[in-house]
Amino acid sequence: MKNSDIADHFEELAALYELDGAVSYRVIAYRTAAKAIRESGASVAEMSRQGRAAELPGVGKTIAEKVAALLDTGTIPAAEKLKAKIPVGLVEITKIPGLGPKRVRLLHTEIGVTSLDDLKQAAEDGRLKDVAGFGAKAEENVRAALADGGPKPRTLLSTALALGEELVEGLRGHPAVLRIELAGSARRRAETCKDLDIVAAASDPAALVEAFGELSAIDEVTSSGQAGAKALTHQGVPVDLRIVPEASFGNLLQHFTGSGRHNEALRTAAVKRGLHVSEYGVTEDSVTTTCATEQEVYERLGLDYVEPELREDRGELEAAAKGQLPDLVRLEDIRGDLHSHTVASDGRNTLAEMAGAARDRGLDYLAVTDHSATHGFGNHVTPDELRRQIERIAKFNETLDGFRVLAGTETNVLPDGTVDYEDDLLAELDWVVASVHTSFRLSEKEMTERMVTAIEHPLIDVIAHPTGRLIGKREPYAVDLDQVIEAAARTSTCLEINANPNRRDLSEVYAREAARAGVKILIDSDAHGAETLANMRYGLATARRAWLTADDVANTRSWEDLRALRPR
DNA sequence: GCCGTTTTCGGCCCGACTGTTTTCAGTCG
């Protein structure tokens, strides 16, 4: 069973306990455990079989036993028992804004609601407002939420970031602005964002709120006041602008950058030192001091500054307290891009255009890795064409000084783990990327064998987008990444963080696990046009969220040093 | 239910908003 499936079971169990009226700390404990399970880079099923599940933070003896039972029988006995008295449909209802466990429980006991359909009917019949604590407004909210078609999908980082940066830059020049920053999950460079948070200090808050409402990207301001405003963009993305005095800008930025879990852990740790942290300042013995910068907030708490990408409660506070935070890889550390396409396959630009664009971006080398013969989508490169391409690149390099194009391929890994060019042709290339583009639905065992076979091929330098996922669109294919990582470490084969914002594959969790296992990671744009070389920033975001340093990332090296990692 | 440089028992982040109340519980981020 996958980590995410196990985590889903414990999320459901937490919701059931909550509806049952269990003490909140027990509910929180199950949610914390579910997060740890979901974010484990190693297989929790495997850990459980080895009796090591309790090594996960937030998983103790009780939850470890429940994991074992789940793996054994497919269900958690405690969850089955709860479902006998609490309809599982109520869990869905708690996802409607404004309907928490207490109120949903009331709907169940008072008017017998057991599902979203029941709720819809009750709202249409006007029976909701008869329940104690519910009024006309509550009934209207429920109707609106149900008519709305449920929760909005989260926005991909690339869209959210472009939007957020446009909004912030649109306000930065305003005369009332003293400081302004994009905060929230966009600043943490998460894969997707629910909303955008903008934090500002202003000499005239009302004027800034007015200017905010007039930005061309804003469709409608839903509420506003001296402290800020809430609005929706034309795409329907909620935006929250918060304004504070300049003296506490650092506190507010820290608070609204989150994550919620990071802040919770930060405050818990602070309480042990007798300090109380909020968005307004740090309080000790009822004296509150404000911080103009985030650096001051962390310093005040005896911690090293924590980069936004690390603020996910994944051990960053312990590391910050010990001075052991990683020196995260930066965009300017990246020397080359080892996965790109040209018009020879399905790219939009020529070899020379791609090389020029890469050079303009400050890179020293670019591998051109057009799709191989069995790609099956758009144009592909036959063996003879690939030989001509190698010659073309050699000639082209003679015209360059201080930049190098590498002759490469993105060769298809076939279901049996072999690739679709002969070895003697692969041997003529500078760089060989291999990836899966077809037959996604193999069993986990078959897919794992396929990947490991490719990794063991001595001429394959890197496995690209190793799980095949598309964020919010396609699940990773079934593959045992523990084995893939082990094989990559053993054979010095690189694993890619594909920087396409739809992919970001490896994900941060597995990239961290792979680097820990000693695998060299590549961050590649997989650009299909000159402009998408800029996608490197999203791959970098994933690498930073995976705690990677420049040393962990192979393409921070010169081509000569990188080549030395993969001797032929 | 978890966890321990103040604890193996007694804690477990902080503040704002909302609706339906006559002083606040529930919900949210």
Side-chain angles (χ1 to χ4, degrees), chain A residues 10 13-14 16-37 53-67 76 78 93-107 128-142 145 151 183-185 188 193-197 199 222-228 230 238-240 242 244 248 251-252 254-283 288 297 301-302 311 313 317-318 321-322:
Chain A
F10 282 93
L13 181 56
L16 289 168
Y17 270 128
E18 194 172 38
L19 285 163
D20 193 40
V23 290
S24 60
Y25 296 113
R26 182 198 270 184
V27 175
I28 291 168
Y30 279 107
R31 297 221 160 103
T32 303
K35 176 184 186 277
I37 290 166
E55 288 176 19
L56 292 163
V59 175
K61 190 161 168 277
T62 306
I63 294 181
E65 280 170 6
K66 287 183 160 72
V67 171
I76 305 170
I93 298 179
T94 59
K95 290 173 186 163
I96 294 174
L99 292 186
K102 301 256 168 51
R103 285 159 66 82
V104 169
R105 192 177 148 85
L106 215 52
L107 289 174
L128 285 189
K129 61 178 179 297
D130 300 338
V131 181
F134 285 74
K137 184 79 181 166
E139 192 163 276
E140 181 47 38
N141 283 349
V142 167
S185 51
R188 299 197 315 276
C193 304
K194 190 167 119 220
D195 57 13
L196 292 168
D197 296 289
V199 165
T222 52
S223 74
S224 71
Q226 281 283 309
K230 290 178 190 294
V239 186
D240 204 343
R242 283 288 300 261
V244 279
S248 48
N251 300 104
L252 188 71
Q254 195 285 322
H255 176 78
F256 274 97
T257 296
S259 64
R261 290 274 187 172
H262 172 83
N263 287 348
E264 216 178 301
L266 185 81
R267 289 165 179 181
T268 302
V271 165
K272 290 183 182 157
R273 310 171 67 116
L275 301 170
H276 297 271
V277 181
S278 80
E279 60 262 55
Y280 301 106
V282 180
T283 306
T288 301
V297 177
L301 301 173
R311 300 184 198 168
D313 190 26
L317 292 174
E318 293 81 347
K322 293 184 199 156

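Just so we're on the same page: letters track the sequence lines, and every chain starts at 1.
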*Asks:* Determine the contact category for A:Leu13: base if any of its heavy atoms lies under 4.0 Å from a base atom, sugar-phosphate if only primed atoms, P, OP1 or OP2 are that close, otherwise nothing.
*Replies:*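 Touches nothing.
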*Asks:* Distance check needed: B:dC2 C1' versus A:Ile63 CD1, whole Å only.
*Replies:*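 Distance check: A:Ile63 CD1 to B:dC2 C1' gives 8 Å.
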*Asks:* Return the pairing partner of B:dC3 with a 3.5 Å limit on both distances, Watson-Crick or G-U wobble; otherwise return none.
*Replies:*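 Its partner is B:dG10 (Watson-Crick or G-U wobble, both distances under 3.5 Å).
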*Asks:* Please check this pair: side chain of A:Arg267 against backbone of A:Val277, looking for a donor-acceptor N/O pair closer than 3.5 Å.
*Replies:*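 A pair under 3.5 Å: yes.
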*Asks:* Quick one: side chain to side chain donor-acceptor pair (under 3.5 Å) pairs with a partner in residues 128-139 of chain A, sequence neighbours left out?
*Replies:*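 Pairs touching residues 128-139 of chain A that pass the test: A:Glu139-A:Arg143.
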*Asks:* Kindly give the heavy-atom pair with the smallest separation between A:Ala14 and A:Tyr30, and that separation in Å.
*Replies:*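 For A:Ala14 versus A:Tyr30, the nearest heavy atoms are CB-CB, 3.7 Å.
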*Asks:* Atom CD of A:Glu318 and atom P of B:dC3: how far apart are they, to the nearest Å?
*Replies:*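 Rounding to the nearest Å, CD of A:Glu318 and P of B:dC3 are 12 Å apart.
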*Asks:* Do the side-chain N or O atoms of A:His255 get closer than 4.0 angstrom to the phosphate oxygens (OP1, OP2) of B:dC14?
*Replies:*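 Answer is no, no contact under 4.0 Å.
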*Asks:* Does anything in residues 21-30 of chain A reach DNA chain B, meaning a heavy atom under 4.0 Å, and if so which residues?
*Replies:*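 Listed by number, they are A:Tyr25, A:Arg26, A:Ala29, A:Tyr30.
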*Asks:* Between B:dT8 and B:dC3, how many Å separate the two P atoms, rounded to a whole number?
*Replies:*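 The answer is 16 Å between these two P atoms.
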*Asks:* Closest approach to the side chain of A:Pro101, judged atom by atom: which nucleotide of B:dG15, B:dG1, B:dT27 is it?
*Replies:*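 Comparing B:dG15, B:dG1, B:dT27 against the side chain of A:Pro101, the answer is B:dT27.
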*Asks:* Rounded to the nearest Å, what distance is computed from the CD atom of residue A:Gln254 to the C1' atom of nucleotide B:dG15?
*Replies:*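 The distance from CD of A:Gln254 to C1' of B:dG15 comes to 14 Å, rounded to the nearest Å.
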*Asks:* Choose from B:dC13, B:dG15, B:dT27 the nucleotide whose nearest atom is closest to any side-chain atom of A:Ser278.
*Replies:*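 Looking only at side-chain atoms, A:Ser278 lies closest to B:dG15.
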*Asks:* Just checking A:Phe256: base, sugar-phosphate only, or nothing, at a heavy-atom cut-off of under 4.0 Å?
*Replies:*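 No contact at all - A:Phe256 keeps every heavy atom at 4.0 Å or more from the nucleic acid.
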*Asks:* Could you state the CG-P distance from A:Asp240 to B:dG29, rounded to the nearest angstrom?
*Replies:*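 These atoms are roughly 10 Å apart.
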*Asks:* Would you say the side chain of A:His276 lies within less than 4.5 Å of the side chain of A:Val282, judging by non-hydrogen atoms?
*Replies:*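 Side chain of A:Val282 against side chain of A:His276, heavy atoms only: no contact under 4.5 Å found.
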*Asks:* Given the C1' atoms of B:dT21 and B:dG26, what is the spacing between them in whole Å?
*Replies:*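 Each nucleotide's C1' atom is 13 Å from the other's.
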*Asks:* Quickly work out the A:Arg31 CZ to B:dC28 P distance and round it to whole Å.
*Replies:*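 Distance, rounded to whole Å: 11 Å.
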*Asks:* Measure the shortest side-chain to side-chain distance between A:Asn251 and A:Val244 over non-hydrogen atoms and say whether it is less than 4.5 angstrom.
*Replies:*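 With C-beta onward as the side chain, the pair stays apart.
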*Asks:* On DNA chain B, check which nucleotide each of A:Ala265 and A:Gly60 is closest to and give me the residue with the more 5' one.
*Replies:*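 So the residue in question is A:Gly60.
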*Asks:* Between A:Lys194 and B:dG29, is there a contact of a side-chain N or O with OP1 or OP2 at under 4.0 Å?
*Replies:*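 Answer is yes, contact under 4.0 Å.
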*Asks:* Determine the interatomic distance between C1' on B:dT23 and the same-named atom on B:dT18; round to the nearest Å.
*Replies:*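 15 Å, rounded to whole Å.
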*Asks:* Which whole number of Å gives the distance between the P atom of B:dG10 and that of B:dG19?
*Replies:*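 It comes out at 41 Å once rounded to the nearest Å.
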*Asks:* Looking at side-chain heavy atoms only, is the closest gap between A:Phe134 and A:Asn141 below 4.5 Å?
*Replies:*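 No - every pair of side-chain heavy atoms lies 4.5 Å or more apart.
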*Asks:* In this structure, how many angstroms lie between the P atom of B:dG26 and the CD atom of A:Glu18, rounded?
*Replies:*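 Distance check: A:Glu18 CD to B:dG26 P gives 12 Å.
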*Asks:* Testing the 3.5 Å rule here: is there a donor-acceptor pair between the side chains of A:Arg261 and A:Thr32?
*Replies:*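 There is such a pair between these side chains.
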*Asks:* Send over the distance from A:Asp313 CG to B:dC13 C1', rounded to a whole Å.
*Replies:*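 About 12 Å, once rounded to whole Å.
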*Asks:* Could you tell me whether the phosphate oxygens of B:dC12, OP1 or OP2, come under 4.0 Å of any side-chain nitrogen or oxygen in A:Thr268?
*Replies:*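 No, because none of the side-chain N or O atoms of A:Thr268 sits under 4.0 Å from OP1 or OP2 of B:dC12.
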*Asks:* Looking only at the side chain of A:Pro97 (C-beta and beyond, no hydrogens), which of the listed nucleotides B:dC2, B:dG19, B:dC28 gets closest?
*Replies:*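 Nucleotide nearest to A:Pro97's side chain: B:dC28.
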*Asks:* Please state the C1' separation for the pair B:dC2 and B:dT7 - nearest whole angstrom.
*Replies:*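 It works out to 13 Å between them.
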*Asks:* Between B:dT20 and B:dT27, how far apart are the two P atoms, rounded to whole Å?
*Replies:*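 Per the computed distance, 13 Å lies between those P atoms.
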*Asks:* Looking only at the side chain of A:Lys102 (C-beta and beyond, no hydrogens), which of the listed nucleotides B:dT27, B:dG19, B:dC14 gets closest?
*Replies:*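 The nucleotide sitting nearest to the side chain is B:dT27.
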*Asks:* B:dA16 and B:dG11: how far apart are their C1' atoms, nearest whole angstrom?
*Replies:*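 It comes out at 25 Å once rounded to the nearest Å.
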*Asks:* Quick check for you: among B:dC13, B:dG26, B:dT20, whose closest atom lies nearest to any side-chain atom of A:Arg103?
*Replies:*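 From the listed options, B:dG26 comes nearest.
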*Asks:* Can you tell which of B:dG15, B:dC13, B:dG19 lies closest to the side chain of A:Tyr280?
*Replies:*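 Closest nucleotide to the A:Tyr280 side chain: B:dG15.
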*Asks:* Using heavy atoms to find the nearest nucleotide of DNA chain B for A:Glu139 and A:Gly260 separately, return the residue whose nucleotide is more 5′.
*Replies:*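 Between the two, 5'-proximity favours A:Gly260.
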*Asks:* What nucleotide, of B:dG1, B:dA16, B:dG26, holds the atom closest to the side chain of A:Thr62?
*Replies:*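 The listed nucleotide nearest to A:Thr62's side chain is B:dG1.
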*Asks:* Do A:Leu13 and A:Lys66 have side-chain heavy atoms sitting under 4.5 Å apart?
*Replies:*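 Yes. Closest side-chain heavy atoms under 4.5 Å.
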*Asks:* Any base atoms under 4.0 Å from A:Ala270, or only sugar-phosphate, or nothing? Heavy atoms, all strands.
*Replies:*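 The answer is nothing, as A:Ala270 stays clear of every strand by at least 4.0 Å.
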*Asks:* Could you state the interatomic distance from CZ (A:Arg105) to CD (A:Glu18), rounded to the nearest 0.5 Å?
*Replies:*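 The CZ atom of A:Arg105 sits 11.5 Å away from the CD atom of A:Glu18.
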*Asks:* Look at the side chain of A:Ser248 and the backbone N and O of A:Gly281, then say whether any donor-acceptor pair between them is shorter than 3.5 Å.
*Replies:*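 Judged by distance alone, no pair lies under 3.5 Å.
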*Asks:* For A:Lys95 and B:dT27, what is the distance between atoms NZ and C1' respectively, to the nearest whole Å?
*Replies:*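 Answer to the nearest Å: 17 Å.
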